[in-house]
Amino acid sequence: MGRVLSAPRYLMLAALAAAAAFALVWAWVAQMPLAFLDPEYPSWQAKLALLARCDLGEVLVLGDSRAAADVIPAALPVTTTNLAVGGGMPIEAFTALSRALRCPVPPRRVVISLDAVHFMQPDLFWERTVRFGFLNRADLTAVRRVATQLGDWPEFQPRQADGLPDRLRGTLYALRFPPLYFNSLVKGGGFLRWWGNTAALQAGMAARGHYFFGTDPGSSVVAMDAHLRTFRPMPVLDWYFDRLLALLADRGIPADFVSMPMNHATWQEVRPAFRSAFEAYLARYTRRYPGFHVVGPAMPYWPDRLFGDGFSHLNPEGAALFSAILGRCLSARMGLAGVPTACQGEAFLLAAGQPP
Amino acid sequence: MLFNSYLFLGGFLPVALCGFAVACRLGRRAALLWMIAVSGVFYAWWAPGFLPLLLASVAGNYAVAMAIGSSADRPVRQAWLLSGAIAADIAVLVGCKALAPVQPPGLSFFTFTQIACLLDWQAQGHPRRGLLEYGVLVGFFPHVIAGPIPLGREILPQLHDPATLRLSAHNLAIGGGIFVIGLLKKTLLAEPLGDIVARGFTAPETLTLLPAWQAALAWSLQLYFDFSGYSDMAIGLGRMFNLHYPVNFASPYKAQSIIDFWQRWHMTLTRFLMHRLYAPLTVLVLRWRRSRGWKVDRKAQQTIGGFTAMLAMPLLATMLLAGIWHGSGWTFLLFGMLHGVFLAINHAWRLFRTGRRSTAIPAVIGRVGLTYLCVLLGAVLFRSPSVAAAASLLGGMAGLHGVVLDAPTAHALFHAELAAAWLAGLFAIVWFAPNTQQIIETSWRPTLPWALAFGCGATLGLLSLGGTGEFLYFQF
């Protein structure tokens, strides 16, 4: 099978083949991420695209996956863009806001929604935020610097050891170093996600950043919130939350903190002391920044039938209901219409009127 | 530092090879010193605190070996020295296993290598090798963490050969090929099974018939590809430095009996156990029987008492110790006992059977299948956190938890079919594909197609480094 080569020549050809194959894969990974990255990627890309073209409207929604799924911009009374992302923490919210404020027209109001857990630990920082390019290298360097100063950087190690030198990891993500994307390449069949992802990107743009997670007709699964013992914010996340609110205060943009509901099964298991500590934490910021308000309860619950998965993301019916309630509240707060009580705690407690 | 890590592949290995090439030009001593130095760095990267233990073990055993060599005319002194050294080695091994919260990496492997070496030198005469060569034999980085367990007579003559201590493009090509095959086994074949295995063994009581089988089968394949992949990488690395290590896996799931299985699975450990544990125990039994005037021939073995004393008991004792060596739980004890019983039954079958072994294909398939099922039973015990968990998983495999699939959504079914296809592909590899040494020895030639294949394979291996995990066998 083929002419026998000298060993040095054989080694050279093998090395060339390896280099050429690697270069081809790298080019594909760098240029065609929509073809293979997981189905959440296009939703993030939709948000980045809306940010890039400053097509943001009057209200911005910043936060985590519950906010991304539960707040439907089309159901709100003013043009709204949902920039909340899966696993979002104050870091992603601050990054998105910073970019939005570079646009010619700043938002009139910002809705912030982060679960308590997203003040306590990095969630999908490398797997989503960095991998999907939501943070650029400068953002990442800043996160690293602050986290290092506050002693939190070790917490940012990836969940699965990748063996990469710590300082190099961010650069390699920025360069789309192919081994970091190999799992998606395999699971995505190299190119098989192209059509689905392209459609999801268009849908995400059309929905102004909104996307669903689970869409089951109900879930009684106890979510992560129930397993947290004490609320202890991570210094670096607290620092970014403070920066986020300071930035909004500097620009005179009012901000409402709206907690998304969790299912009743989860709520029952949440420790009252944990809930109180989270409320107290938010209350401290309302005292520090007059333009910052906590709207509704800090950890509300809704009936299980309105949730679509085990992470307490609302299903389409739940999200429509929640967005309608939020819309009435925003109307009142922005002086558009509605009654002043639309933003009071009871207004967000759907379960108060309906048995769980 | 894992073999399948960026640091190893992009930093350590190129530096080690380049340094070796330079050191070889400076002379034999420089080359050996370099091999020891890089091995020290490699080991210290794993566990710097245990490097002194490795160095002390090597120096201590070498000193005893020298003393044994200089006491050729004083057998009693030799015996005391040998017994003392082996007792000290075993005391350290047992002490660390029993007491240390963190195990020194590779302790069993470098201890076994040295015990085998001492026994060989005592029996066959000291081969007059220097400390540097001995250090490479025991602590060279490809094998120091998880084997293979080489014998002195396999490695030391190679180190004495001037041809070994120079970089060879031919051996680089072969070693690189073996390494790439091992890397792909580990990262592409073994690691994707990790999720199924972890989920299955975490909650075995929830598994119905098919998921229970899926977890057990996936585990047997993960263990094989992970460990044999590691061994291939070690052997390939040795070859890059011109060292020929003994083969450690030879298609064990193609075995047609349990005896055959152990001659194909972790072969260097089996060799150590058979030569250094089973054989001495058998000799003791034979001497004891002879001292009482009892027969020890084949006919005596075919009696119940003779078989039990001369075959079954030494086998059971050896396998029990092998089981305990893997860990201190009841599952490991039962694993060892189970394999001891299987081996005893296999020997009994050989002794008492009449007629020749059929070579018809159905008979071969039956033997391979039966052997695999026995191995699978042991593997479930080996992986389970407790005997109750193992029993639960085996109960699931027997259908005691029900036989229906869980609520079959389209998504779940798709994944179930994909997982089944994946397992089927892996079984096709273990049962029908040639193993690494067969590929290299019979098919591989330094030709363009092979250069392209191994070049692209290397890229695939490098790409799959994104999510590295630890080798399953490091804990032992």
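The sequence lines fix the lettering, A, B, ..., with proteins before strands; numbering per chain opens at 1. Being a predicted model, the structure only gives us computed values, none of them experimental.
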Select one option (side chain, backbone, both, neither) describing which atoms of B:L188 are under 4.5 Å from chain A's heavy atoms.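 It is the side chain, since no backbone atom gets that close.
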
Check whether A:Y181 gets within reach of chain B through its side chain, its backbone, both or neither, counting any heavy atom under 4.5 Å.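 Neither part.
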
Measuring heavy-atom distances to chain B, does A:V186 have an atom under 4.5 Å in its side chain, in its backbone, in both, or in neither?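 When you check distances to chain B, no heavy atom of A:V186 falls under 4.5 Å.
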
Spatial distance of atom CG (A:L185) from atom OG (B:S464) [nearest 0.5 Å]: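 Spacing of CG (A:L185) from OG (B:S464) equals 11.5 Å.
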
A:L5 and B:L448: which non-hydrogen atoms are nearest, and at how many Å?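 For A:L5 versus B:L448, the nearest heavy atoms are CD1-N, 3.7 Å.
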
For the [atom1] atom on [X], are there more than 12 heavy atoms of other groups (residues, nucleotides or ligands in this structure) within a distance under 6.0 Å?
X: B:W45; atom1: CH2; value: no
X: A:R9; atom1: CZ; value: no
X: B:F50; atom1: CZ; value: yes

Taking C-beta and beyond as the side chain, do A:L13 and B:L452 meet within less than 4.5 Å on heavy atoms?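 A side-chain contact is absent here, since even the closest heavy-atom pair is not under 4.5 Å.
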
Counting C-beta onward and ignoring hydrogens, is there a side-chain heavy-atom pair between A:F182 and B:L465 closer than 4.5 Å?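 No - every pair of side-chain heavy atoms lies 4.5 Å or more apart.
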
Residue, of A:A17, A:A15, A:A18, that accumulates the most heavy atom pairs under 4.5 Å with chain B: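 The option with the most such pairs is A:A18.
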
How are the rings of B:W444 and A:Y10 set relative to one another: parallel (under 30°), tilted (30 to 60°) or perpendicular (over 60°)?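 The arrangement is perpendicular - the two ring planes meet at more than 60°.
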
